[in-house]
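Here's the structure we're looking at; comments come further down.
On a predicted model such as this, the values are computed, not experimentally measured, just so you know.
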Amino acid sequence: MQWTLVIPLKSLARAKSRLSDTAGDGLRPGLALAFAQDTVAAALACPAVHDVAVVTDDTLAGRELAALGARIVADEPGGGLNAALRHAAGVVRVSRPESAVAALNADLPALRPAELARVLDAAAEFPRAFLPDAAAIGTTLLTARDGRELRPAFGPDSRARHHASGATELALDAVDSVRQDVDTGEDLRAALALGVGPRTAAAAAGLLIPGQ
């Protein structure tokens, strides 16, 4: 099964506010962009991925991610994360009505194409499925097979919310790179230990990161 990934990205100026213990206001936008670039590059290199659509209104991010091969979808609803994902999934299915769609976080800088392929292959067995984040509270990936609505419920306690929505939780080992999103300095340390992509490595060089 070939998937279309939908990746949401808020304005870089507002992104990653919880990294304030690690990076100042002048550095966080660059880190957020680097996370997204490494995420998109890894996703596009995954054999199970047909294409990637990034939903964002940030001009710089849109330009840089389009240069990597992503399709850019404007966040027309302007109603927050879940509204953006519903909109982007709808846009994708205008041209590919039977596409299998997956929502993927933009802050997975250690993402490995082979691990993502393993998760997507497992998700193909279910109408809707999701992968919890490394903290086992949130969600990094939500999938919907062809003909199924995505029904995103991201936000606080999204693992429980996706459970409640009827999506199947994927219990997989050895897919740490797909689960390790980055919201805090501690998260960044964990991602660096896994091995991040080149843009994140460059952006994080010289930062004082908790635990290092």
Side-chain angles (χ1 to χ4, degrees), residues 1-10 15 32-58 61-62 64-75 81-133 138-154 158 162 167-168 170 172 175-182 196-197 199-200:
M1 181 177 292
Q2 291 287 294
W3 296 82
T4 292
L5 300 191
V6 178
I7 298 179
L9 182 62
K10 66 172 64 173
L33 177 57
F35 296 164
Q37 288 173 305
D38 286 334
T39 300
V40 167
L44 287 168
C46 175
V49 174
H50 178 271
D51 57 355
V52 171
V54 176
V55 54
T56 186
D57 280 337
D58 191 287
E64 295 296 324
L65 297 173
L68 293 176
R71 174 183 181 181
I72 306 303
V73 177
D75 182 9
L81 175 58
N82 292 311
L85 287 171
R86 288 191 296 269
H87 168 67
V91 169
V92 163
R93 281 180 164 165
V94 168
S95 56
R96 298 185 65 212
E98 298 305 313
S99 175
V101 175
L104 182 72
N105 287 10
D107 58 352
L108 299 168
L111 186 64
R112 303 282 190 274
E115 292 185 14
L116 177 59
R118 184 166 174 246
V119 174
L120 291 172
D121 287 347
E125 301 296 320
F126 306 100
R128 293 173 62 246
F130 72 96
L131 186 73
D133 64 9
T139 303
T140 57
L141 180 81
L142 173 70
T143 67
R145 285 188 51 144
D146 48 311
R148 300 284 182 163
E149 293 184 14
L150 189 60
R151 296 173 61 196
F154 288 88
S158 65
H162 285 130
T168 299
L170 300 173
L172 299 172
V175 291
D176 292 349
S177 77
V178 196
R179 300 183 64 202
Q180 187 57 67
D181 54 354
V182 177
V196 296
R199 297 166 187 85
T200 299

Next item on the list: Could you grab the distance from atom CD of E64 to atom CG of L33, nearest 0.5 Å is fine?
Entry: 6.0 Å

Item checked: Other residues, nucleotides, ligands: >12 heavy atoms within 6.0 Å of Q2 CD -> yes

Check: Got a second to check how far E115's CD is from D176's CG, nearest 0.5 Å?
Finding: 6.5 Å

Checklist line | D146 versus E98, closest heavy-atom pair with distance | finding: CB-O, 2.8 Å

Next item on the list: Could you grab the distance from atom SG of C46 to atom CH2 of W3, nearest 0.5 Å is fine?
Entry: 11.0 Å

Notebook entry, point to check: Between A43 and V52, which heavy-atom pair has the shortest distance, and what is it?
Noted result: CB-CG2, 4.0 Å

Checklist line | Under 3.5 Å: donor-acceptor pair, side chain of T200, backbone of P109 | finding: no

Check: Quick check: does any side chain N or O of T140 sit under 3.5 Å from a backbone N or O of V178, one acting as donor and the other as acceptor?
Finding: yes

Next item on the list: Please report the shortest heavy-atom distance between L170 and P132, naming the atom on each side.
Entry: O-CD, 3.9 Å

Notebook entry, point to check: Counting distance only, does the side-chain N/O of R128 pair as donor-acceptor with the main-chain N or O of R151 below 3.5 Å?
Noted result: yes

Next item on the list: Give every residue pair that meets the ring-ring contact (aromatic ring centres under 6.0 Å, His included) criterion with at least one member in residues 94-128, sequence neighbours excluded.
Entry: none

Margin query: Show the nearest heavy-atom pair for residues A102 and T143, with the distance to one decimal.
Written below: CB-CG2, 3.7 Å

Item checked: Gap between atom CD1 of I72 and atom CD1 of I7 - 0.5 Å precision -> 9.5 Å

Next item on the list: Apply side chain to side chain contact (heavy atoms under 4.5 Å, CB included) to the pair N105 and T39, showing each step before the final yes or no.
Entry: CA-CA 8 Å; N105 287 10; T39 300; over 6 Å; no

Notebook entry, point to check: Do you know the tightest heavy-atom contact between R96 and D51?
Noted result: NH1-OD1, 3.7 Å

Next item on the list: Considering non-hydrogen atoms only, spot the tightest contact between R199 and A41 and give its length.
Entry: NH1-CB, 4.2 Å

Margin query: Closer than 3.5 angstrom, by distance alone: can the side chain of N82 be matched with the main-chain N or O of F154 as a donor-acceptor pair?
Written below: yes

Notebook entry, point to check: For the side chain of D57 and the backbone of D75, is there at least one donor-acceptor N/O pair under 3.5 Å apart?
Noted result: yes

Next item on the list: Return yes if some donor-acceptor pair links the side-chain N/O of S99 with the main-chain N/O of V101 below 3.5 Å, else return no.
Entry: no

Item checked: Worked check of side chain to side chain contact (heavy atoms under 4.5 Å, CB included) between K10 and T56 -> CA-CA 6 Å; K10 66 172 64 173; T56 186; over 6 Å; no

Note to self: Is there a side-chain contact between T168 and E125 in this structure, where contact means two heavy atoms from C-beta onward sitting under 4.5 Å apart?
What the structure shows: no

Checklist line | Sole residue of L5, L131, V175, D121 in side-chain contact (heavy atoms from CB on, under 4.5 Å) with L116 | finding: L5

Next item on the list: Please round to the nearest 0.5 Å and tell me the distance separating atom CG of L9 and atom CG of L65.
Entry: 6.5 Å

Margin query: Checking L111 against D38 for the side chain to side chain contact (heavy atoms under 4.5 Å, CB included) test, could you report, in this order, the C-alpha distance in whole Å, the side-chain angles of both residues, the deciding distance, and whether it holds?
Written below: CA-CA 8 Å; L111 186 64; D38 286 334; over 6 Å; no

